[in-house]
Protein chains: 2
Amino acid sequence: MGKLDFSPIADTTRRAEIVALLRRAILTGQLEPGQKLNELRIAEQMRVSRAPLREAMRELVQEGILTSIPYAGTFVIDVTAKDIDDAYSLNKVLDEFAIELTWKLRDQRFFDDLDRRHEAVKQATRDLDTTRQIETALQLHGLIYEWADNSVLLETWQRLTSRLQMYFALHQRARNEPVPSEDVHETYVRLLKGNDMRAAQRHAREHIDLDFEELLAYARSLEKRSSKGA
Amino acid sequence: MGKLDFSPIADTTRRAEIVALLRRAILTGQLEPGQKLNELRIAEQMRVSRAPLREAMRELVQEGILTSIPYAGTFVIDVTAKDIDDAYSLNKVLDEFAIELTWKLRDQRFFDDLDRRHEAVKQATRDLDTTRQIETALQLHGLIYEWADNSVLLETWQRLTSRLQMYFALHQRARNEPVPSEDVHETYVRLLKGNDMRAAQRHAREHIDLDFEELLAYARSLEKRSSKGA
DNA sequence: TCTTGTTAGATTGTCGACAATCTGCTTGTC
DNA sequence: GACAAGCAGATTGTCGACAATCTAACAAGA
């Protein structure tokens with residue numbers, strides 16, 4: 001059902017633009033899990049040859065949101081409940097670590113940025129813009145990784161985030177009941193501003209406010225169905 | 001091993017072969033950090049066109065061992081002491097997590113595999129084959145990740161491993177004094193076989209036997225020098 | 001001498017065409 | 001009707017050539 005229209009590419013290298021376009025299409029759920037990406041069709045829509053498109057797809061395969069089978073095709077990854085569970089549990093461990101690293105580096109700029117990102121989530125919530133809501137929530141949570149001053153950790157988190165964003169978008173899309181939310185991030189932000197690191201870590205480990213539990217339940221409900229064709 | 005088990009068919013695409021070749025060249029230090037990869041030259045040497053080579057390079061960029069600057073070139077990543085330190089500290093956290101997940105899944109096959117990999121390290125050590133020594137040591141440590149039954153964690157570890165292997169190979173290469181080792185993995189293996197999970201985790205966190213400290217010292221000693229040209 | 005503009009060479013980015021491979025349908029046989 | 005062989009059609013993988021961009025060497029002018 002992939003009648004998504006791409007607009008022609010503009011500046012910088014085509015490859016980079018293509019990566020951005022495809023990533024966005026996948027993470028917002030415009031390209032559905034399991035869907036095959038037809039190189040010729042996409043290349044024509046973007047007014048681009050297959051070479052940069054294929055290179056872009058190779059990047060996204062390594063990024064973990066596409067999967068490739070030689071001579072068969074490249075597909076959006078399938079989302080299983082196990083995948084989500086795996087990502088969830090690793091995320092908790094990483095959060096705890098990131099908080100530990102960030103803790104003594106916090107300063108006024110950190111708190112300001114924290115508030116700013118928190119506000120962005122609340123704004124998206126008021127706007128009922130669910131896609132942006134997911135995006136901003138993940139950015140809020142990403143702050144501790146950006147401040148942790150550990151490039152490998154940050155990279156790891158960003159890879160995880162891609163998938164998380166895709167999962168959540170999928171979930172939101174399913175129940176077009178759009179708004180989950182009053183302010184679920186309140187506690188998280190307050191603890192990050194406070195003086196009790198252990199409490200913040202505990203909150204991250206036990207109570208994470210991203211609605212994983214519900215997401216998991218949704219994924220399990222999908223598990224029963226057969227895979228869809230083209 | 002008397003039961004008939006078919007492994008997947010070999011990847012018959014040139015791209016996959018190229019990825020394997022390049023990765024090996026980088027991880028063994030044949031391609032040095034900072035070095036530029038000339039597409040035309042490499043393509044000619046491999047008797048391959050630039051298309052699959054470029055796709056392969058794109059994969060390795062995402063894998064984190066190459067870095068690319070548009071219209072300038074693709075280079076082997078530079079190794080800084082900070083990078084190693086970052087990877088090291090994240091590795092400790094992940095090890096601890098992997099041990100926790102693996103712990104209750106251990107069975108006889110796990111212990112057998114553990115012994116087998118441990119033996120492989122000792123064999124490589126006896127052979128004075130330092131490259132293989134690094135490789136097998138990392139495979140030994142990778143066992144807990146393979147058993148942890150968390151695909152995202154395994155993927156993360158494998159990405160980390162690429163870099164670690166590169167760092168260690170670099171280090172070994174520098175001091176051609178080849179042998180570090182009597183059996184430094186003894187304690188690690190013994191604890192993984194035992195009944196005290198906390199002790200195993202503590203060992204992973206505090207005492208990891210991969211010679212990180214020495215590696216770090218070496219990297220810091222390099223920090224003073226300027227970058228080299230082609 | 002220093003700066004600035006130009007130009008030639010080399011290298012990366014992109015394109016269109018061809019080769020290899022897969023998929024599904026058709027055909028022929030039993 | 002069931003089944004294997006074989007033939008299109010479509011799609012991915014690879015190639016060689018061209019376009020865009022960078023580098024550095026050189027010349028002209030202050």
Side-chain angles (χ1 to χ4, degrees), chain A residues 1-4 6-23 25-26 31-32 34-62 65-77 226-230, chain B residues 6 8-23 26 31-32 34-62 65-77 226-230:
Chain A
M1 214 156 289
K3 56 172 142 199
L4 172 64
F6 289 103
S7 53
I9 299 297
D11 47 54
T12 67
T13 78
R14 299 196 189 304
R15 184 183 64 239
E17 298 275 341
I18 297 171
V19 166
L21 273 178
L22 281 182
R23 186 190 288 120
I26 296 167
L31 286 169
E32 295 176 13
Q35 187 173 347
K36 175 172 176 176
L37 278 67
N38 186 308
E39 298 179 1
L40 209 51
R41 182 156 53 230
I42 296 179
E44 279 170 3
Q45 286 181 354
M46 291 187 179
R47 309 284 168 78
V48 160
S49 80
R50 285 172 55 222
L53 172 62
R54 283 174 58 86
E55 290 183 15
M57 286 164 80
R58 239 23 82 193
E59 287 190 25
L60 294 176
V61 166
Q62 280 308 102
I65 59 182
L66 289 181
T67 178
S68 159
I69 304 174
Y71 289 106
T74 305
F75 308 81
V76 178
I77 58 166
S226 59
S227 54
K228 66 163 72 67
Chain B
F6 288 112
I9 296 296
D11 280 317
T12 51
T13 79
R14 298 194 192 294
R15 183 183 64 239
E17 303 262 349
I18 298 171
V19 167
L21 273 178
L22 281 182
R23 186 189 288 120
I26 297 167
L31 286 169
E32 293 175 15
Q35 186 172 346
K36 174 172 176 177
L37 278 67
N38 184 308
E39 298 179 1
L40 209 51
R41 182 157 53 232
I42 295 179
E44 279 169 3
Q45 287 178 356
M46 291 188 180
R47 308 287 169 76
V48 161
S49 81
R50 283 173 57 223
L53 172 61
R54 282 174 58 87
E55 291 183 16
M57 286 163 82
R58 236 27 79 194
E59 288 190 25
L60 294 176
V61 166
Q62 280 309 100
I65 59 181
L66 289 182
T67 178
S68 158
I69 304 173
Y71 289 106
T74 304
F75 308 80
V76 179
I77 58 165
S226 61
S227 54
K228 67 164 73 64

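Proteins get letters first, then strands, A, B, ... in listed order; numbering begins at 1 in each. In this text, all values refer to a predicted model and were calculated from it rather than measured experimentally.
- Separation of atoms CD1 (B:Ile26) and CD1 (B:Ile65) is listed at 4.0 Å; rounding is to 0.5 Å.
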Next item on the list: Give the C-alpha distance, both sets of side-chain angles, the deciding distance and a yes or no for side chain to side chain contact (heavy atoms under 4.5 Å, CB included) between B:Leu37 and B:Leu53.
Entry: CA-CA 11 Å; B:Leu37 278 67; B:Leu53 172 61; over 6 Å; no

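- A distance of 12.5 Å separates CZ of A:Arg14 from CD of A:Glu55, quoted to the nearest 0.5 Å.
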Check: In B/S/- notation, 5' to 3', how is nucleotides 11-25 of chain D contacted by protein heavy atoms closer than 4.0 Å?
Finding: SBBBB-B---SS---

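- Residues passing the side chain to side chain donor-acceptor pair (under 3.5 Å) test with A:Thr74, sequence neighbours excluded: none.
- Listed by chain and residue number, A:Arg58, A:Gln62, B:Arg15, B:Val19 satisfy the side-chain contact (heavy atoms from CB on, under 4.5 Å) test with B:Glu59 (two or more places apart in sequence, or in another chain).
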